[in-house]
Amino acid sequence: MSSPWTRVEFEERLRALGSRYHIHHPFNRMLNGGRATPMQIRGWVANRFYYQVAIPQKDAAILANCPDREVRRDWVQRILDHDGFELGGIQDEGGIEAWLRLAQATGLERKEVQDLRHVLPGVRFAVDAYVNFARRAPWQEAVCSSLTELFAPEIHQQRLANWPEQYPWIESQGLDYFRQRVSRARRDVEQGLAITLAHFDTHALQQRALEVLQFKLDVLWAMNDSMAQGYGVS
């Protein structure tokens with residue numbers, strides 16, 4: 001039986017999977033390289049909305065399966081981040097609302113995004129597979145699947161740095177979602193990584209964690225495959 005990797009080695013192997021993150025997909029390279037047409041950007045925004053509204057469902061599934069009160073107390077913040085909240089005079093409209101403002105900034109109507117008319121079958125299939133995985137898998141595996149957030153701040157920062165010049169027709173306020181997620185993704189990574197490093201403590205479990213993270217990377221890659229087929233790559 002193989003010995004488990006140290007926590008440092010295990011984390012390095014998790015992070016190494018970033019080479020398979022969808023930031024490297026041709027469709028995303030087109031978007032972030034300033035080569036996308038308005039139609040392609042609108043298609044991406046409308047389809048990614050289906051993923052955005054699924055995130056709180058995924059996190060609710062983790063909460064439902066998790067018996068650890070302390071984990072639940074921290075993890076519930078993710079749902080509030082996306083769905084928004086109003087409490088004690090503090091109001092946060094949430095990431096879903098921020099994404100709808102992005103949609104409007106690209107020229108889409110809220111209704112046509114919310115009714116999901118533009119969602120491609122391949123995107124729907126991939127996102128549904130992810131939510132179903134979170135519902136059925138051990139909660140620690142569902143947590144591990146969220147670690148694609150390890151690689152997310154880079155892509156958000158690229159959009160914030162490049163899109164105002166590359167796509168000046170998109171109103172600046174529409175990029176607020178990316179501004180929010182730069183810091184929140186880092187916070188979420190710390191929590192998800194701590195749980196993963198603590199739970200997956202045998203070689204077999206560590207191998208399983210890599211498989212789970214690869215599954216989530218495949219979900220994101222498949223979404224981009226579908227959009228590349230639906231909208232083309234310039």
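What's counted below: heavy atoms across the whole structure, side chains too, no hydrogens, waters or symmetry copies. What you see is a predicted model; the values in this text were computed from it and never measured.
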Joint hydrophobic cluster, [X] plus [Y], side-chain heavy atoms closer than 4.5 Å:
| X | Y | result |
| --- | --- | --- |
| Trp221 | Met223 | no |
| Trp5 | Val212 | yes |
| Val182 | Leu193 | yes |
| Leu213 | Val8 | no |
| Leu102 | Leu116 | yes |

For the student: nearest non-hydrogen atoms of [X] and [Y], plus distance:
| X | Y | answer |
| --- | --- | --- |
| Arg78 | Ser146 | NH1-OG, 4.0 Å |
| Asn47 | Met227 | CB-SD, 3.7 Å |
| Ala36 | Ile41 | CB-CG1, 3.7 Å |
| Ala142 | Ala134 | CB-CA, 4.0 Å |
| Phe10 | Ala209 | CZ-CB, 3.6 Å |
| Ser19 | His24 | O-CD2, 3.3 Å |

In chain order, what residues pass the side chain to side chain donor-acceptor pair (under 3.5 Å) check against [X], with sequence neighbours excluded?
| X | result |
| --- | --- |
| Gln77 | Asp81 |
| Arg110 | Glu97 |
| Arg69 | none |

Atom [atom1] of [X]: over 12 foreign heavy atoms under 6.0 Å:
| X | atom1 | answer |
| --- | --- | --- |
| Arg117 | CZ | yes |
| Gln157 | CD | yes |
| Glu109 | CD | no |
| Gln229 | CD | no |
| Glu70 | CD | yes |
| Phe125 | CZ | no |

Salt bridge (charged side-chain N to carboxylate O under 4.0 Å, His left out) contacts in which one or both residues fall within residues 122-143, not counting sequence neighbours:
Glu141-Arg208
Scan for salt bridge (charged side-chain N to carboxylate O under 4.0 Å, His left out) pairs involving residues 33-49, sequence neighbours excluded, and state none if there are none.
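Sorted pair list comes back empty.
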Electrostatic pair Glu149-Lys216, nearest N-O below 4.0 angstrom
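The answer is no: the pair does not qualify as a salt bridge.
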Restricting to ring-ring contact (aromatic ring centres under 6.0 Å, His included), what partner residues turn up for [X], sequence neighbours left out?
| X | value |
| --- | --- |
| His118 | none |
| His22 | none |
| Phe133 | Phe215 |
| Tyr231 | none |

Between [atom1] on residue [X] and [atom2] on residue [Y], distance to nearest 0.5 Å:
| X | Y | atom1 | atom2 | result |
| --- | --- | --- | --- | --- |
| His82 | Ile96 | NE2 | CD1 | 7.0 Å |
| Leu63 | Asp68 | CG | CG | 11.0 Å |
| Phe178 | Asp176 | CZ | CG | 10.0 Å |
| Glu86 | Leu80 | CD | CG | 13.0 Å |
| Arg159 | Ile170 | CZ | CD1 | 10.5 Å |
| Asn224 | Asn28 | CG | CG | 4.5 Å |

So, does [X] use its side chain to make a donor-acceptor pair with the main chain of [Y] at under 3.5 Å?
| X | Y | answer |
| --- | --- | --- |
| Gln206 | Pro4 | no |
| Glu154 | Phe151 | no |
| Tyr51 | Val123 | no |

With a 3.5 Å cut-off and sequence neighbours excluded, list the donor-acceptor pairs that the side chains of residues 194-204 form with protein atoms.
unit_1 : atom_1 : unit_2 : atom_2 : d
Thr196 : OG1    : Gly192 : O      : 2.9
Thr202 : OG1    : Leu205 : N      : 3.1
His203 : NE2    : Gln207 : NE2    : 3.3

Single hit among Tyr177, Tyr50, Phe49 for ring-ring contact (aromatic ring centres under 6.0 Å, His included) with Trp99
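The option that passes is Tyr177.
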Evaluate the criterion salt bridge (Lys or Arg N to Asp or Glu O under 4.0 Å) for residue pair Arg15 and Glu11; output intermediate values, then yes/no.
CA-CA 6 Å; Arg15 290 184 180 276; Glu11 181 176 344; 2.9 Å; yes
Going by atom types only, do Arg20 and Thr148 share a side-chain donor-acceptor pair under 3.5 Å?
no
Can you see whether Asp218 engages Gln214 through a side-chain donor-acceptor pair at a distance of less than 3.5 angstrom?
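Asp218 vs Gln214: donor-acceptor pair found between side chains.
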Trp139 versus Pro67: any side-chain heavy-atom pair under 4.5 Å?
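The answer is yes; the side chains approach within 4.5 Å.
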What I'd like to find out is whether the side chain of Arg181 reaches to under 4.5 Å of the side chain of Asp188, using heavy atoms alone.
yes
Verify side chain to side chain contact (heavy atoms under 4.5 Å, CB included) between Thr106 and Trp169, making sure each step is shown before the conclusion.
CA-CA 8 Å; Thr106 66; Trp169 53 272; 4.1 Å; yes
Please report the C-alpha distance between Leu14 and Leu210 in whole Å, then the side-chain angles of each, then the deciding distance to 0.1 Å, and finally whether the side chain to side chain contact (heavy atoms under 4.5 Å, CB included) criterion is met.
CA-CA 6 Å; Leu14 290 167; Leu210 295 177; 3.7 Å; yes
Which pairs of donor and acceptor atoms, one on a side chain in residues 53-62, lie under 3.5 Å apart (sequence neighbours left out)?
unit_1 : atom_1 : unit_2 : atom_2 : d
Gln57  : NE2    : Val53  : O      : 3.2
Asp59  : OD1    : Trp75  : NE1    : 2.9

Sort out for me which residue in Leu150, Leu217, Leu147 forms a side-chain contact (heavy atoms from CB on, under 4.5 Å) with Leu17.
Leu217
Which is it for Ile155 and Tyr21 under the side chain to side chain contact (heavy atoms under 4.5 Å, CB included) test, yes or no, and what are the steps along the way?
CA-CA 10 Å; Ile155 200 170; Tyr21 190 49; 4.3 Å; yes
Could you work out, with side chain to side chain contact (heavy atoms under 4.5 Å, CB included) as the rule, every residue matching Ala222, not counting sequence neighbours?
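So Ala222 forms a side chain to side chain contact (heavy atoms under 4.5 Å, CB included) with Ala126.
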